Amino acid sequence: MLQLGALAAVPTTLLATGRAEARSLAVDYPKAESVPASKSNYTVSGRPLSYPIDFVIVHVTQENYATTLDIFKNPAKQVSAHYVVRSSDGHIAQMVREKDVAWHAGNWNYNTRSIGIEHEGWVDKPQYFTDAMYRESAALTASICTRYGIPKTRDHILGHVEVPGTDHTDPGPYWDWERYMRLVQGT
């Protein structure tokens, strides 16, 4: 089933021929799988017109991948992120469209101005931070930065711990920021 806003991005020729795939309509990043969060867990918006997008915020789930998806699909949880990256192979699920405001940062101002990326794992278990996860997440972050004109710097790519007023520690001491930023910057 198509989301109302998704049709606007589909060329008329594709709609007329019926060859457009639902997967390509429901994601902002072509390598992501659409796994929608509950509509109770984010705010529908029209970003970047309603709010500028200035940041990417890196999170660690403190759960496994499947449980994280279930949490964001549960309307009682009141939490979401735009993307979730699986540890084993770097597979990416998009749970909230980038135009909408995911509830991930614990700070409304940062929620409105950022894209949140959750990474499967725990802050104290570095074995979850795999080559595939770093590679695919960095490609996603680079794409987001390019599309919204966000500088590919640590001033604009933040850990959840760096959001003002947060009580979270993720991505934690084992997240390799130097490696991640090299990948994001393509160096």
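Just so we're clear, the structure is a prediction, and the values are computed from it rather than from any experiment. Hydrogens, waters and symmetry mates are skipped; everything else that's a heavy atom, side chains included, is used. Starting from 1, each residue takes its place in the sequence as its number.
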Report yes if the distance between the aromatic ring centroids of [X] and [Y] is under 6.0 Å, otherwise no.
| X | Y | answer |
| --- | --- | --- |
| Trp175 | Tyr134 | yes |
| His104 | His59 | yes |
| Phe55 | Tyr110 | yes |

Hey, does the side chain of [X] reach the backbone of [Y] with a donor-acceptor pair shorter than 3.5 angstrom?
| X | Y | answer |
| --- | --- | --- |
| Gln94 | Val96 | yes |
| Asn74 | Ala76 | yes |
| Asp170 | His160 | no |

Salt bridge check, Arg86 against Asp89: does any charged N sit closer than 4.0 Å to a carboxylate O?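 Looking at Arg86 together with Asp89, the answer is yes, because their closest N to O distance falls below 4.0 Å.
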Any salt bridge between Arg47 and Asp100, counting N to O under 4.0 Å?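 No, no charged N to carboxylate O under 4.0 Å.
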Are any of the side-chain heavy atoms of [X] and [Y] separated by less than 4.5 Å?
| X | Y | answer |
| --- | --- | --- |
| Val84 | Thr68 | yes |
| Lys99 | Ser45 | no |
| Leu69 | Met95 | yes |
| Asp28 | Tyr83 | yes |

Is it the case that over 12 heavy atoms from other parts of the model lie below 6.0 angstrom from the [atom1] atom of [X]?
| X | atom1 | result |
| --- | --- | --- |
| Glu178 | CD | no |
| Lys77 | NZ | no |
| Tyr148 | OH | yes |

Apply side chain to side chain contact (heavy atoms under 4.5 Å, CB included) to Cys145 and Val56, showing your working. CA-CA 8 Å; Cys145 289; Val56 174; 4.3 Å; yes
Going from [atom1] on [X] to [atom2] on [Y], what distance comes out if it is rounded to the nearest 0.5 angstrom?
| X | Y | atom1 | atom2 | answer |
| --- | --- | --- | --- | --- |
| Ser34 | Tyr29 | OG | OH | 15.5 Å |
| Lys152 | Ile144 | NZ | CD1 | 11.0 Å |
| Glu118 | Ile71 | CD | CD1 | 9.0 Å |
| Gln185 | Thr141 | CD | OG1 | 11.5 Å |
| Thr61 | Tyr128 | OG1 | OH | 8.5 Å |
| Glu136 | Ile92 | CD | CD1 | 5.5 Å |

Is there a continuous path of hydrophobic side-chain contacts, each under 4.5 Å between heavy atoms, that joins [X] to [Y]?
| X | Y | value |
| --- | --- | --- |
| Val35 | Phe72 | yes |
| Val163 | Ile53 | no |
| Tyr51 | Ile117 | no |
| Leu183 | Leu158 | no |
| Trp177 | Val123 | yes |

What verdict does the side chain to side chain contact (heavy atoms under 4.5 Å, CB included) test give for Leu140 and Lys31, after you've listed the backbone C-alpha separation in whole Å, the side-chain angles of each residue and the deciding distance to 0.1 Å? CA-CA 8 Å; Leu140 170 61; Lys31 293 176 79 174; over 6 Å; no
List the atom of [X], the atom of [Y], and the distance in Å for their closest heavy-atom pair.
| X | Y | answer |
| --- | --- | --- |
| Ser137 | Tyr180 | OG-OH, 2.7 Å |
| Thr130 | Gln127 | CG2-O, 3.7 Å |
| Ser80 | Ala37 | CB-CB, 4.3 Å |
| Trp103 | Ser40 | CZ3-O, 3.1 Å |
| His168 | Val161 | O-CG2, 3.3 Å |
| His82 | Arg97 | CD2-O, 3.3 Å |

Determine, stepwise, if the pair Thr166 / Asn107 fulfils side chain to side chain contact (heavy atoms under 4.5 Å, CB included). CA-CA 7 Å; Thr166 188; Asn107 175 316; over 6 Å; no
Donor-acceptor pair between Glu120 and Asn64 side chains, under 3.5 angstrom: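 No, because no side-chain N or O of Glu120 sits under 3.5 Å from a partner of the opposite role on Asn64.
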Checking Tyr65 against Ser88: is there a side-chain donor and acceptor pair closer than 3.5 Å?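 Not at all, the side chains of Ser88 and Tyr65 share no donor-acceptor pair under 3.5 Å.
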Walk me through whether Met181 and Ile157 qualify under side chain to side chain contact (heavy atoms under 4.5 Å, CB included). CA-CA 9 Å; Met181 294 307 297; Ile157 301 170; 3.7 Å; yes
